[in-house]
Every structure is written in C-alpha cells, then in structure tokens.
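Notes follow the structure.
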Amino acid sequence: MNKPSIAAVAALCLSMPYAQAQGAGHFRFEHQYIDLKFNSDMTYTHVADVTVRALDEVGAQSIGQQYFGYQDGREMGTVELAETISADGKVTPVTADNIKQQNGVVGGVTMPDRKVIQVTFPKLAVGDAIHYRYRYEALKVDGGSSDFEDFDRALLHDDVRVTLSYPKDLPLQYSAHEVGDATTSGDDRSVREWHFHNTQTVMPDYDTVNGWRLHPYIMVSTYPDWKAVADSYQVGAEPQAKVTDEVSSLAAEITKDSKDEREQARALYDWVRKNIRYVASYIGDGGWVPHDTHSILANRFGDCKDHATLLEALLEARGISASQVLISANTDSYVLPELPMRDFNHAITYIPSLDLFLDSTADMTPFGLLPEMDAGKPVLVTKQFKDVSHTPVITPEQYKVTRQVHIKVHPDGSGTRDAEITSYGRAAVVTHQFLSNIGTGKEDDWVKKFMADQGWVGTGKLNVEKHDGSDIERYRFNQTITNYLYQPEAGEVSLSTGIQGPIGIAAILKRYSETTRTADARCDPFSIEDVIDIDLPREMKVVYVPKDISLHDDIVNFDAHYQKIGNTYRMTRSWGFHTARSTCSPAEYLALRPMVEKVRKALNSTLVYVPRKG
C-alpha cells in the first residue's frame, strides 16, 4: 500500500492513525482522482490528483500541510502540482520554497535513504481549498506489489474515481467493496474504473476495530499468496541479518552469564530494547529493506526492521534460530485483507524453539510480553514461511491489577485512604509508563494536581517502589482528606480505591454503552482484584450493606463479597474478562452487553450510614 493522505503517510515501522477521520465536518474532498498503472515487471505508478476544501478553521489548519514519503533508490516521489484555491476561485501556486524535501527523520536522527516531501499551502482560510497532484513510482519490487485505497465514510467525498490499468498477461488480483465498477479493454491492457461519493458523514461505532471493512475500498495485488509477500520481505532482510564477527563478539559478551537458551534470548532482547533507540521512519511502505547490523550498531538507533534484524542476528550468533515477522501494529486491524498485500506497518521477532514473539522497539515491555498493539494479530513469519500465524492474545493473568485499600473515616467527615496498587504483565508496563511520566522527584507535584482534580482537600504521598520495567510493578498512595464525606451526619460511603491504577475501568465500561453495533469491537481480557477495608467511627451506624453478588458467563466473571469485622466493613471483589480473541463481533458484543450492565451497577455499590443514637 502506498497512498498520500491528509496529515500522514502510513509506513512500515510507523504505526500512525488514519488521520482523515478527524476531519469529519471540517473539510471535504471535492475530488479525489487516483490513477494506478501497473507494468509487466510489477513496478507501478500511483498518481493522486486531489482537491480538499476547508469548511472551518479546524479544517484549514488540518489540511494546510501535506506530507509524502518514499525510499530513495527504490521509489520516486514527485509533487507535480500544488496550489491554494480561494473560495472565489483565485489560484495561488505553492512556491518552490514551500515544497521542502528532507531525509525522513524522527527524534533528531537521519536515515539518508528515507525521503519526505513537505508541502505548505499559502493563503489558506476557511472556504479555501488545496489542490495537489502527487506521483509515486515503485521503481524496484521484490516479488510483487500492491495498492490499497479506502474512503472513510466519516468524511465527505464529492467525487472519487480510481482507475486501474495493467497488462492483460500480468497475474494481477483486485477486490472492490461498495464502489461503482466499469471496465474497458484495449489490445494489450485492461482498464478498470471505480467511482464513489458520499454527501453525508457516517461516524463509526465507538472503539471500532477492523473498521476498514465497512468503508468502500479497492485492493490491487500482484502477489499470488501470503507466502510471496513473506518471501519478498525475506529477500531483502536476510542478507542484512548476517552473523558477522562484530555481532558474534557482542552476542557472546551479552550472554556470558546466561545459563540456557531462554536466558540468552532474554539477555539479547533486553540489550537491544535498552541500547538501540527506536526511530520510526516517514517512508511510505516502500521501506522494505532493513539496514545492516554494522550500521545499526554504529548509529545505536534504528526503525522496527533494524531492531528485528539486529535481534535476529544476535540470536543466530548464539545458535538460536529466529525470524522477522510482519505485523499491523495498531489497535484497529485484527484481520488480514482478502488479497495478499504488503499491508503491514511493523516488524517484530519470532523464536520458534521458544514459540515466542518479541518486539524490541517496545522498550518498556519485559521479555515474554508483547505490547497491546501486537497482541492477537495475524502475522507473517518471513523465514521459511508456512502459513499465516497469530501472535498470542493476552491472558487475564498477563493484564492484572490488585488493589488493597484501607479507609478510615473520622466523625467530622475527614478521613485517610491508603492504597497499594500491584500490577502484573501488561498492566505493569502501563504502571511503569505512568510512573516514568511523573518523573523521579516530581511525585509531590503529581499528588497536588491529582487531589485538586478530584476535588479533595488535604495532602497525599505517592510512594514508589523501584520500577525497572519488570513484569510486576507496585506503588502506594496515601491520602489525608479533609472533605472525605461532605455530609458526615448521614449519607453514603463509596467503596472506591481512590486511584484507578493501570486498567482503565471507565474506558472498558464505555465500550459497552452502545445499544447497537455494526462493526467489531474491542473485548480484551483483564483481571482486577480489590480488597477495601472501611473503618467507621462509633458515631456512624451502617444501615445498608450491599448484598453479595456473583455474575458469570463464558466471558465475564464478577464476584463481590461484603463482611463486617468489628466496626470495619470489608469488600472483596474480583472481576475480569476471559476471551479467546482481542475483538468481539457485533453479535458477540450485544450478547455480552447485558452482563456488563449488571457489572456496571454492582461497581457503584456504597455503604449507607446514619448517626448512632446514644
């Protein structure tokens, strides 16, 4: 796939959101003409002629700069025309000084073979339009080529036309969804044309996944099958992962204290993720070939392919067979297209002997885990490819948090709340990120802001255990709150932990707020265990304690138990999802929703108290 888009160009090693959906109601595509011309040697050109009009100030800011990427030597990108068209039709060409080409850079480093063209449109105001024509040429292909065009229904498209031209003897496949189709044929070439327009936006369901299947789209591929895609990547990647003397020496040093294969793999993975800085590349999907290990080690940075290449070479140097893996790293795509395509944006590593996938670009993710964007995905293991594989779905035990809380309420309504949050697996990674974002020595500043945001008057202390990126992280949050109860004479005491921790309960519940669905939804497994003790003063008499509740089905488990120990009330609660996939179909979502609604109500349980007489 290689197509220019508003605000971003999708790229291998760059997991970027499809930014156009953000333009709903802010700009419209007046025309979008795409011409695809494939040649007998499977090279091709992609010419996009596009006019986009800003409907408001947000739209004007959104479309004011466009970016186009390609890989030098293998591809060519050319801006053939760029101009601003005012609301009254006046045309202002983009001058040469507003079309800048540079090496693809992120984080202050350069990759000379990555090129980015930035076009800045002048005199752009509300009601004005940008018009550009961009030519992309695939000059070299490895075993095949492909192109994917989709048109988001959340955006207005007045006139879309996609034309495909190819030699009759080229074994090309195509697939089209909800676009008008017409075809013509010459002596030696076939021409196919598709049309689309929408004058009303259709917003997607909340937290939709695999949403591209609901959009009109066109796929074109010269690959006969997924093996051809894997092989085409392996052709360029295999020589770059050659085990050199430099690699062998480094691998031996890193693993000198490792006793077995798994320990060696752990040591090598940890070294790469901590010592090779990850740099995403604005390159379009033509960046199909990694750098060699010497360059990666010399620079101490690399994109995802470079990470996977170096880790593969280090593993092979210790006799541990490994392969690079093509994957769509995001939280949207959990199915492959119906055609074999180069529709991947990330590369990771697979170790067959350990049946283990690793992503060394995720520098906070400990050995044995994958980041959220990699889990439960169809992938191509490129070395000795056999069939489409799948990365493992996270288990509840790998995304787990325990929260132990002690609350002491005083007669005047003030109180203390001490919480200990322990995170496991992916939840530990989220906790590590949370604590790292606060920054060492900045804990008191965070506490003040947190207390103020929650409306608490008082003081607090965040006590952090040493966090080093392991698969268990723990911290404690102690609060002294003057206004814990606004009405100490009578009212409710919330059974609240006071701090959520790494699993976003509110976000999970929000997923199930819709009464209908048209697209697949997220339904990740997780596990939460709570123990909350509330000490009440003698002056308060509890007149209502929630009833014990147990809710179970094939996916949801929820148990809450309440008991009185002296004048302490204890709630013990455990709940979570157990799913075989990271996603649910619309039918599965609707079947799951009633149980989630019961859980939502149970989570809002409180103690009710009145003054004690005498």
Side-chain angles (χ1 to χ4, degrees), residues 11-15 71 103-114 233 236-258 263-283 287-318 320-327 329 344-351 354 356-371 373-374 382-383 429 432-433 436 468-470:
L12 185 65
C13 306
L14 183 64
S15 181
Q71 184 182 25
N103 295 332
V105 298
V106 174
V109 299
T110 63
M111 292 185 171
D113 55 340
R114 304 344 187 193
Y233 178 81
E238 185 171 12
Q240 307 297 70
K242 179 181 178 181
V243 178
T244 63
D245 291 343
E246 180 183 29
V247 168
S248 294
S249 177
L250 177 60
E253 175 63 25
I254 293 170
T255 60
K256 63 183 179 182
D257 297 324
S258 303
E263 284 192 15
Q264 290 182 0
R266 181 194 300 272
L268 295 171
Y269 167 77
D270 285 343
W271 190 91
V272 173
R273 73 182 174 103
K274 294 177 181 178
N275 290 277
I276 303 299
R277 184 151 55 103
Y278 170 57
V279 181
S281 301
Y282 290 89
I283 57 175
W288 205 239
V289 180
H291 293 87
D292 61 82
T293 56
H294 177 73
S295 299
I296 300 166
L297 289 171
N299 291 325
R300 282 294 198 270
F301 66 74
D303 64 13
C304 61
K305 304 183 303 299
D306 300 333
H307 266 253
T309 294
L310 179 58
L311 182 54
E312 177 188 354
L314 290 169
L315 288 163
E316 295 280 356
R318 304 310 297 160
I320 304 172
S321 180
S323 174
Q324 297 187 48
V325 178
L326 298 178
I327 184 173
F344 301 95
N345 64 4
H346 198 46
I348 60 175
T349 304
Y350 178 63
I351 304 176
L354 300 177
L356 186 64
F357 290 90
L358 300 169
D359 186 347
S360 59
T361 68
D363 61 334
M364 290 188 179
T365 302
F367 180 80
L369 285 176
L370 285 174
M373 65 184 184
D374 292 350
T382 61
K383 185 183 289 186
V429 176
H432 188 194
Q433 292 170 332
S436 296
D468 56 4
S470 68

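For this chain, numbers begin at 1 and follow the sequence in order.
A distance-only check finds a donor-acceptor pair linking the side chain of Lys383 to the backbone of Ala322 [under 3.5 Å]. Between the side chain of Glu312 and the backbone N or O of Thr349, no donor-acceptor pair lies under 3.5 Å. Using a distance-only test at 3.5 Å, with no hydrogens or angles considered, no donor-acceptor pair links the side chain of Arg273 to the main chain of Ser360. Judged by distance alone, the side chain of Asn345 and the main-chain N or O of Ala329 form a donor-acceptor pair under 3.5 Å. A donor-acceptor pair under 3.5 Å is formed between the side chain of Gln240 and the backbone N or O of Pro290.
Between Gln324 and Thr309, the side chains place a donor N or O and an acceptor N or O closer than 3.5 Å (distance only, hydrogens not considered). Side chains of Asn299 and His291: no donor on one and acceptor on the other come within 3.5 Å. In this structure, a donor-acceptor pair under 3.5 Å is absent between the side chains of Thr361 and His307.
In terms of heavy-atom proximity, Pro366 sits nearest to Tyr269 at C-CE2, 3.9 Å. In this structure, Val279 and Phe301 approach most closely via the heavy-atom pair CG2-CB, 3.7 Å.
For the atom pair CD1 (Ile320) and CD1 (Ile351), the distance works out to 6.0 Å, reported to the nearest 0.5 Å. With rounding to the nearest 0.5 angstrom, the CD atom of Gln433 is 5.5 Å from the CE atom of Met364. Note that OG1 of Thr244 and CG of Leu297 are 7.5 Å apart. Values are rounded to the nearest 0.5 Å. Taken to the nearest 0.5 Å, the CG atom of Leu268 stands 5.5 Å off from the CG atom of Leu314. Note that the CG atom of Leu358 and the CD1 atom of Ile348 stand 8.0 Å from one another [nearest 0.5 Å]. Leu250 CG to Asn275 CG: the interatomic distance, rounded to the nearest 0.5 Å, is 8.5 Å.
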Worked check of side-chain contact (heavy atoms from CB on, under 4.5 Å) between Thr255 and Trp271: CA-CA 10 Å; Thr255 60; Trp271 190 91; over 6 Å; no
Leu310 and Ile276: CA distance, side-chain angles, deciding distance, side-chain contact (heavy atoms from CB on, under 4.5 Å) verdict: CA-CA 9 Å; Leu310 179 58; Ile276 303 299; 3.7 Å; yes
Residue pair Asp306, Tyr278: steps toward the side-chain contact (heavy atoms from CB on, under 4.5 Å) verdict: CA-CA 9 Å; Asp306 300 333; Tyr278 170 57; over 6 Å; no
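Classification of the Phe357-Tyr350 ring pair by plane angle, with boundaries at 30° and 60°, yields tilted.
At most 12 non-hydrogen atoms from other residues, nucleotides or ligands lie less than 6.0 angstrom from CD of Glu238.
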